[in-house]
Amino acid sequence: METDLQPRTRLMQATTEAPGAHVPSLFRRIAAGRGFVPSHRRSVKRKAAGSVSARLGVALPGSLLTAWGDRPVAPTRKWLGVALLGSLFTACGGGGANAGDAGQPDVATFSGGPAGGVLVVLMDGEPDDLNPVTYTSLPSAQAVHLMFRALARRDSTLSGYQPDLAASWEVEGDSAVVFHLRDDVSWHDGTKVTAEDVAFTINLQRDPVVASPRSPDVAAVTGVTVIDSVTVKVGLGGTGRYTVNALLEVVPVPRHLLEGVVRSEMRMAPFSRQPVGNGFYRFGQWVPGQRLMLEVNPAMPEGRAALDRIVIQVVPDMNVALTELLAGQGDVLKVPPALAAQVESSRAAKLFGAPRVRPSWIAWNTSREPTNDSRVRRALLMAVDREEIVAGLFGETGEVSWTPIPPALREHSPSTRPITFDPDGARRLLEEAGWRDTNGDGIRDRNGVPLRVEVDYISADQTRADVLIAMQSMLRRVGVDLAPRAYERTAWVERLRGQQFQGSSWGWGWGPGVVGPNAEAVFHSRSIPPAGVNFAGLNNPRVDSLIDAALVTRDTVQLRRVWATFEQLVVDDPVYAPIYLDPELYGVNSRFENVTFRRGLELWEDVIHWYIPVESRLSRDRSR
């Protein structure tokens with residue numbers, strides 16, 4: 001799950017005043033009923049993809065992952081990634097080997113670039129936990145994947161896999177996968193990584209007492225057998241495409257450090273705050289609420305990463321973060337479209353784009369009135385002109401999310417029939433559900449109760465606040481009172497996990513190779529909390545059966561039919577109502593070379609390839 005957190009104090013005030021107050025000029029026009037309408041309404045998506053691709057030099061939806069067949073698993077030098085936040089790095093301490101050297105031409109690096117330099121990633125939140133088995137947040141994912149190796153990593157297609165900790169693997173019929181591990185990988189404390197670590201981790205993720213958020217990845221496992229120190233056999237209830245892929249993404253943890261931890265207390269163990277990994281970067285220092293520092297691991301068999309240090313700096317305020325980026329005090333920042341021009345016009349940073357696989361949606365709680373009625377959920381989406389919102393908020397970089405499955409994923413069906421803007425149809429559905437304006441105040445009611453829906457969002461998230469303001473005025477025109485409710489991040493998460501919300505605005509970053517387990521995690525009834533992250537409580541037996549089928553089906557034609565049917569079902573009843581695709585724009589300090597963004601915020605896919613030419617380094621690149 002991913003949310004793009006940005007400050008919005010000014011816009012938060014607008015939710016308690018007249019619609020459109022304190023809002024950008026285009027949104028004032030929308031609130032007044034004079035919203036911007038593109039001359040070719042249904043071409044917004046195509047225009048955005050073309051213009052942004054040309055300007056940013058990236059492949060956007062429609063040009064990525066179009067082939068369905070399996071990709072060959074071939075070892076390449078693509079591997080891991082980076083993350084996190086900072087600008088107070090000069091006093092961080094904990095310098096790792098070679099940290100801060102002003103260029104080390106004789107040191108072999110994974111990317112081939114010169115060793116040395118510091119990367120400061122500006123993020124609005126910090127990790128919650130650094131144990132690969134128990135973490136839940138995106139900042140945690142960044143750090144974990146930089147410090148630990150998975151069994152396999154996504155290749156350049158993002159949906160195929162290449163060796164990582166596992167040197168190779170083979171599928172045995174419909175019942176097992178055998179992994180052959182590398183014999184040259186050690187934990188950062190010097191202990192060798194073995195098949196015992198892999199078996200221990202899989203069983204840990206399976207244990208309901210641990211309640212791992214990644215338990216769906218190993219849900220099909222029936223048993224684990226250690227053959228020898230570098231060979232492990234994993235029994236499966238079926239070896240469908242997603243079952244095997246999910247297993248490949250397992251991130252082993254050190255058995256010798258965790259086997260003595262009480263399972264129910266795994267999340268609270270000291271390891272979660274000071275982990276020992278086996279990846280490109282080692283844990284350095286964590287100052288809660290401020291920064292997390294990672295130091296390069298000089299003993300990587302493939303060659304060390306070029307950058308000496310990665311700092312995740314916590315900067316909740318977008319204005320402050322942008323100032324740090326443009327002043328050269330920070331190096332990477334996810335940039336909202338409204339601020340992209342400032343990055344483009346700056347000599348200090350460059351603007352990059354990434355493939356869009358993160359739909360932003362509103363999750364409607366199916367256990368609370370009035371969103372427990374499918375007619376109301378559908379009417380709420382029909383009353384919202386998503387094209388107008390996207391064009392107004394994002395301009396040419398915008399793209400409507402017509403379905404929870406992004407077009408960039410091969411599981412998406414082009415024949416899916418979306419819910420389109422139809423305010424009259426929305427009014428008819430609300431009438432059918434018994435909601436009528438009986439007192440003439442403009443808001444529908446039933447049994448004396450007004451039709452009011454509250455939508456939670458994170459108070460720092462400017463983009464989602466803007467979207468909700470626009471939706472507020474559109475829904476009022478059909479007699480619905482939408483009330484945006486801003487919460488500090490921790491409170492927002494607690495309300496989401498506890499299903500205390502009526503509506504909640506957030507987004508989901510799909511893993512291209514594990515769409516099946518992702519769908520299970522969000523849309524399957526067995527993932528309703530506390531068992532999983534189906535926070536809206538979607539409970540549709542037909543949806544469940546299709547997900548179950550997708551997890552074990554190997555026939556490509558049949559699998560296409562399964563996904564097409566599933567997609568139409570979750571579109572027709574928008575429990576998770578898609579609004580827009582995350583624009584995925586990033587500002588990067590101009591001194592970095594070999595920069596790519598294959599998966600947006602999941603920087604570990606790319607950052608180990610980045611480097612800083614010696615002549616371009618700043619004084620902070622040489623600091624210890």
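Judged by distance alone, with hydrogens and angles left aside, the side-chain atoms of Thr323 form a donor-acceptor pair with the main-chain N or O of Asn319 at under 3.5 Å. Formation of a donor-acceptor pair under 3.5 Å by the Arg444 side chain with backbone atoms of Val478 is found in this model. The main-chain N or O of Ser374 is never found under 3.5 Å from a side-chain atom of Trp364 such that the two would form a donor-acceptor pair. In this structure, Asn372 contributes its side chain and Ser367 its backbone to no donor-acceptor pair below 3.5 Å. Within the 3.5 Å criterion, the main-chain N or O of Gln502 finds no donor-acceptor partner in the side chain of Glu454. Checked by atom type and distance alone, the side chain of Arg375 pairs as donor or acceptor with a backbone atom of Glu432 at under 3.5 Å. At distances below 3.5 Å, not a single donor-acceptor pair connects side-chain atoms of Arg485 with backbone N or O atoms of Gly503. The main-chain N or O of Leu451 is never found under 3.5 Å from a side-chain atom of Arg446 such that the two would form a donor-acceptor pair. A donor-acceptor pair under 3.5 Å is absent between the side-chain atoms of Ser504 and the main chain of Ala363, judged by distance alone. Listed for the Asn447 side chain is no donor-acceptor partner under 3.5 Å among the backbone atoms of Val449.
With rounding to the nearest 0.5 Å, the separation of CD1 in Ile389 from OG in Ser473 is 7.5 Å. Within the model, atoms CG of Asp424 and CZ of Arg428 stand 6.0 Å from one another, a figure rounded to the nearest 0.5 Å. Expressed to the nearest 0.5 Å, how far OH of Tyr487 lies from CD of Gln500 amounts to 9.0 Å. Atom OH of Tyr457 is separated from atom OG1 of Thr463 by 11.5 Å, given to the nearest 0.5 angstrom. Here Arg356 contributes atom CZ and Thr397 contributes atom OG1; the two are 6.0 Å apart, rounded to the nearest 0.5 Å. With values rounded to the nearest 0.5 angstrom, Leu581 atom CG is found 5.0 Å from Glu399 atom CD.
Side chains of Tyr242 and Leu559 form a contact here, defined as non-hydrogen atoms less than 4.5 Å apart. At a threshold of 4.5 Å between non-hydrogen side-chain atoms, the residues Arg477 and Pro423 do not count as touching. Contact check for Asp437 versus Asp445: side-chain heavy atoms found under the 4.5 Å cut-off. No side-chain heavy atom of Asp606 sits under 4.5 Å from any side-chain heavy atom of Phe352. Thr556 is listed as a side-chain neighbour of Arg241, based on a closest heavy-atom distance under 4.5 Å. In this structure, Val571 and Arg417 have side chains that are not in contact, with every pair of non-hydrogen atoms separated by 4.5 Å or more. With contacts defined as side-chain heavy-atom distances shorter than 4.5 Å, the pair Pro404/Trp361 qualifies. Here the side chains of Leu551 and Pro517 are in contact, with some heavy-atom distance below 4.5 Å.
With sequence neighbours excluded, no residue forms a side chain to side chain donor-acceptor pair (under 3.5 Å) with Asp217. With sequence neighbours excluded, the residues that form a side chain to side chain donor-acceptor pair (under 3.5 Å) with Glu567 are Thr403, His412, Thr416. Legend: residues meeting side chain to side chain donor-acceptor pair (under 3.5 Å) with Glu488, ordered by chain and number and at least two apart, are Thr490. Annotation: ring pair (Phe, Tyr, Trp, His ring centres under 6.0 Å) contacts of Phe501 (sequence neighbours excluded): none.
Here the shortest heavy-atom pairing between Leu380 and Leu475 reads O-CD2, 3.6 Å. When all heavy atoms of Gly513 and Asn245 are compared, the closest pair comes out as O-ND2, 2.8 Å. Considering every non-hydrogen atom in both Leu546 and Val562, the closest pair reads O-CG1, 3.3 Å. Shown here for Ala426 and Ala379, the closest heavy-atom pair between the two residues is CB-O, 3.4 Å. Between Val455 and Ser505 the shortest heavy-atom distance is CG1-N, 3.9 Å. Nearest heavy-atom pair, Ala433 versus Val376, reported as atom, atom and distance to 0.1 Å: CB-CG2, 4.3 Å.
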When you look at Met471 and Ile362, which way does the side-chain contact (heavy atoms from CB on, under 4.5 Å) test go after all the steps? CA-CA 11 Å; Met471 289 180 60; Ile362 294 178; 3.5 Å; yes
Go through the steps to decide whether Glu388 and Met474 satisfy the test side-chain contact (heavy atoms from CB on, under 4.5 Å), and finish with yes or no. CA-CA 10 Å; Glu388 184 171 280; Met474 293 174 177; 3.4 Å; yes
Going through the distances and angles, do Asp573 and Arg377 end up as a side-chain contact (heavy atoms from CB on, under 4.5 Å)? CA-CA 7 Å; Asp573 183 6; Arg377 295 192 293 266; 2.8 Å; yes
Would you sort out whether Leu393 and Tyr580 count as a side-chain contact (heavy atoms from CB on, under 4.5 Å), showing the intermediate values? CA-CA 10 Å; Leu393 186 61; Tyr580 62 91; 5.5 Å; no
Solution key, residues 536-543 side-chain donor-acceptor pairs under 3.5 Å, sequence neighbours excluded:
from   : atom 1 : to     : atom 2 : distance (Å)
Asn540 : OD1    : Arg542 : N      : 2.9
Asn540 : OD1    : Val543 : N      : 3.3

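Using cut-offs of 30° and 60° for the angle between ring planes, the Trp506 and Phe535 rings count as perpendicular. The aromatic rings of Phe566 and Phe523 lie perpendicular to each other, with more than 60° between the two planes, well past the 30° mark.
Contacts classified as salt bridge (charged side-chain N to carboxylate O under 4.0 Å, His left out) and involving residues 511-530 (residues at least two apart or in different chains) are given here: Glu520-Arg526, Arg526-Asp548.
Residues Asp128 and Thr136 have side chains that bring a donor and an acceptor to within less than 3.5 angstrom of each other. There is a side-chain donor-acceptor pair under 3.5 Å between Ser360 and Arg464. For the 3.5 Å distance criterion, the side chains of Asp555 and Thr553 fail to qualify, holding no donor opposite an acceptor. Trp492 and Ser459 form no side-chain donor-acceptor contact under 3.5 Å, judged by distance and modelled atom types alone.
Using a 4.0 Å cut-off between a side-chain N of Lys or Arg and a carboxylate O of Asp or Glu, Asp481 and Arg476 qualify as a salt bridge.
Remark: Glu431 CD is packed, more than 12 non-hydrogen atoms of other residues, nucleotides or ligands lying under 6.0 Å away.
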